[in-house]
Every structure is written in C-alpha cells, then in structure tokens.
**Q** 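Take a look at this one; I'll ask things after.
Atom set for the values below is all heavy atoms of this structure, side chains included, hydrogens, waters and symmetry mates excluded.
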Amino acid sequence: MREMILKAVANPPKILWGPFLPTLLNLGVQFPLMFMCMGVFKSNPLIFMVTIALGHIFMIFLGNKEPHISSMIQAFGQCRRISNNLYKEKGNKFAP
C-alpha cells in the first residue's frame, strides 16, 4: 500500500511529458476554438495546430518547473469556497 502512495506522489500523471490537468485544459480550450473559427471564419486549422503545439511546449516547461501543478490547481479549486457566516463579521468564519 505504501508503494502505491509513494509512487503516486513521486510520479504525477503526465500526457506527452506535460502535466495532466493543464494539458487537458489547453486542449479543451483550443480544439473547440479551432473548430468554431474553422466554421465561422473558414480559417486554416494548421494555424491552430501550431498554437496547440506551442501551448503544449509551454506546459512541458511548466511541468518541469513544478511537477505537481495539477494537484495545486485541484487544491486551489477546493479551498476557494465561500462560506456563509453565522454572525455579521468580516472574513470567513467556519466554526459557529
């Protein structure tokens, strides 16, 4: 059991040498944008292939600098919740 945990912490998931979540976000934004521009403006898809490749290269460098960027993005999304305060005070009060 410990080996699986240590392996998951030591080797975060990657897609073609890039961190998992930023790479999926890059592709998830650029592919629909490419298809919309192809349909509306009749643009060449090779322009978008170049931007997808450059974005992926940027993600690879970002992943080399901070290998756990996917976990950091997920943790940021979970901790940015706004709480409802029971008393009228400034700031977040999680305990009553």
Side-chain angles (χ1 to χ4, degrees):
M1 183 80 171
R2 282 185 167 247
E3 293 176 10
M4 293 174 66
I5 294 171
L6 293 175
K7 184 178 179 184
V9 170
N11 299 326
K14 295 185 179 284
I15 298 176
L16 295 174
W17 306 284
F20 186 74
L21 191 59
T23 302
L24 283 182
L25 290 173
N26 178 34
L27 294 176
V29 168
Q30 290 208 21
F31 271 118
L33 184 66
M34 176 182 71
F35 288 124
M36 284 188 287
C37 287
M38 283 172 48
V40 174
F41 302 116
K42 308 267 192 260
S43 64
N44 190 354
L46 291 178
I47 296 168
F48 289 97
M49 292 300 159
V50 170
T51 62
I52 290 171
L54 290 175
H56 188 71
I57 290 169
F58 175 73
M59 294 300 161
I60 291 171
F61 285 125
L62 186 68
N64 285 337
K65 183 178 178 185
E66 181 57 57
H68 296 284
I69 189 77
S70 296
S71 302
M72 291 169 57
I73 292 172
Q74 289 173 345
F76 179 75
Q78 292 175 0
C79 72
R80 288 291 294 170
R81 294 186 183 139
I82 297 173
S83 69
N84 295 328
N85 293 341
L86 295 176
Y87 307 109
K88 282 203 164 232
E89 294 182 24
K90 286 188 175 182
N92 291 334
K93 306 295 181 205
F94 294 105

**Q** Looking at Ser70 and Leu21, would you say the former's side chain and the latter's main chain have a donor-acceptor pair under 3.5 Å?
**A** yes
**Q** Is it true that a side-chain atom of His56 and a backbone atom of Leu16 form a donor plus acceptor pair closer than 3.5 Å?
**A** yes
**Q** Taking atom CZ of Phe20 as the centre, does the number of heavy atoms from other residues, nucleotides or ligands within less than 6.0 Å exceed 12?
**A** no
**Q** What distance do Leu62 atom CG and Thr23 atom OG1 have between them, rounded to the nearest 0.5 Å?
**A** 9.0 Å
**Q** If two hydrophobic side chains count as joined below 4.5 Å and joins carry through other members, does Met49 share a cluster with Phe35?
**A**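 Same cluster: Met49 reaches Phe35 through Ile, Leu, Val, Met, Phe, Trp or Tyr contacts under 4.5 Å.
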**Q** So how far is it from Ile52 CD1 to Met59 CE, rounded to the nearest 0.5 Å?
**A** 12.0 Å
**Q** Would you compute the distance between atom CG of Leu54 and atom CG of Asn26 and round it to the nearest 0.5 angstrom?
**A** 10.0 Å
**Q** Are any non-hydrogen side-chain atoms of Val50 and Leu46 less than 4.5 angstrom apart?
**A** no
**Q** To the nearest 0.5 angstrom, please state how far the CD atom of Glu66 sits from the CD1 atom of Ile73.
**A**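 Here the interatomic distance stands at 10.5 Å.
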**Q** Do you know which two heavy atoms are closest between Gly63 and Lys14, and how far apart they sit?
**A** O-NZ, 4.3 Å
**Q** Using the rule that two of Ile, Leu, Val, Met, Phe, Trp, Tyr join whenever any of their side-chain heavy atoms come within less than 4.5 Å, decide whether Phe58 and Leu27 are in one cluster.
**A**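 No.
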**Q** Rounded to the nearest 0.5 Å, what separates atom CE in Met38 from atom CG in Leu33?
**A**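 These two atoms lie 11.5 Å from each other.
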